[in-house]
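Single-structure report; data block below.
Every number for a ligand or one of its atoms is a count from 1 in the order of the listing.
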Amino acid sequence: MKVCLFGGTFDPPHNGHLAIARQCRQELNLERIYFIPAFLAPHKTNLKIADVRHRLAMLNLAVQNESGFEILKFELERQGISYSIDTILAVKREFQLGKKDLYFLIGADSFTEFNTWREPERILDECRVIVAGRPGFSIDRVPQAYRQKVMVLSNPLMTVSSTDIRQRIQKHLSVDELIPEPVLDYIRKNKLYQN
Ligand code: ATP
């Protein structure tokens, strides 16, 4: 069984997340994409993020009608700072997966900061890292030692980000085209991101 882990803050989940996950599943012929909401992303520890309960509810709504997408709560249950290497090792243990069956999806923006991650070399040794293109982020400057070990996805580029969505909601601008409708309904009902 070939599966892929896809970690993020998902605050909120958006069409860019879904698009790269779909492309990854299709291009690599994967059985499942596991969305893994971070309890606390290492590079976002000083940012205010929505409550875990809301982020998880929105992620559930975002993936509910997608075949092959599932949510894993490893990082939420572990709490503390969510380091990907810990999650990768835990998933491998739990599902008895070897390197050839475990993929790990990240966007190009995350890959440009890969040297700041905990144990980047070990991540590259433990699973197959897939990098999705993201507008405005070139991976040309990422050390060759990392680049040669990843696969770059040929996804259509989408400029959407969670930050942009939060700001648009605050300014009462439309986000209809950027997030799945049930997620938008949830945001409105719970008055998220309004100030
Ligand atoms: P924020 O704007 O709050 O930083 P984000 O839109 O980057 O959020 P995250 O939940 O932090 O969303 O992202 C999870 C993963 O998805 C990261 O690896 C990120 O690089 C990737 N990603 C998010 N949006 C896109 C996009 N539009 N294109 C490619 N990759 C993306």
Just say parallel, tilted or perpendicular for the rings of F114 and Y146, cut-offs at 30° and 60°.
perpendicular

Residues forming a salt bridge (Lys or Arg N to Asp or Glu O under 4.0 Å) with D164, sequence neighbours excluded
none

Give me each pair satisfying salt bridge (charged side-chain N to carboxylate O under 4.0 Å, His left out) with a member in residues 23-42, each pair once, sequence neighbours excluded.
R32-E70

For ligand 1, protein residues within the heavy-atom limit of under 4.0 Å are F6, G7, G8, T9, F10, H14, H17, I20, K44, I106, G107, D109, S110, G133, R134, M158, V160, S161, S162, T163, R166

Of all pairs that satisfy side chain to side chain donor-acceptor pair (under 3.5 Å), the ones with a partner from residues 125-138, not counting sequence neighbours:
K92-E126, Y103-R128, D109-R134, S138-D140

Please test L102 against V3 for side chain to side chain contact (heavy atoms under 4.5 Å, CB included), starting from the C-alpha separation and ending with a verdict.
CA-CA 5 Å; L102 186 63; V3 303; 3.8 Å; yes

Is it the case that more than 12 heavy atoms not belonging to Q26 sit under 6.0 Å from its CD atom?
no

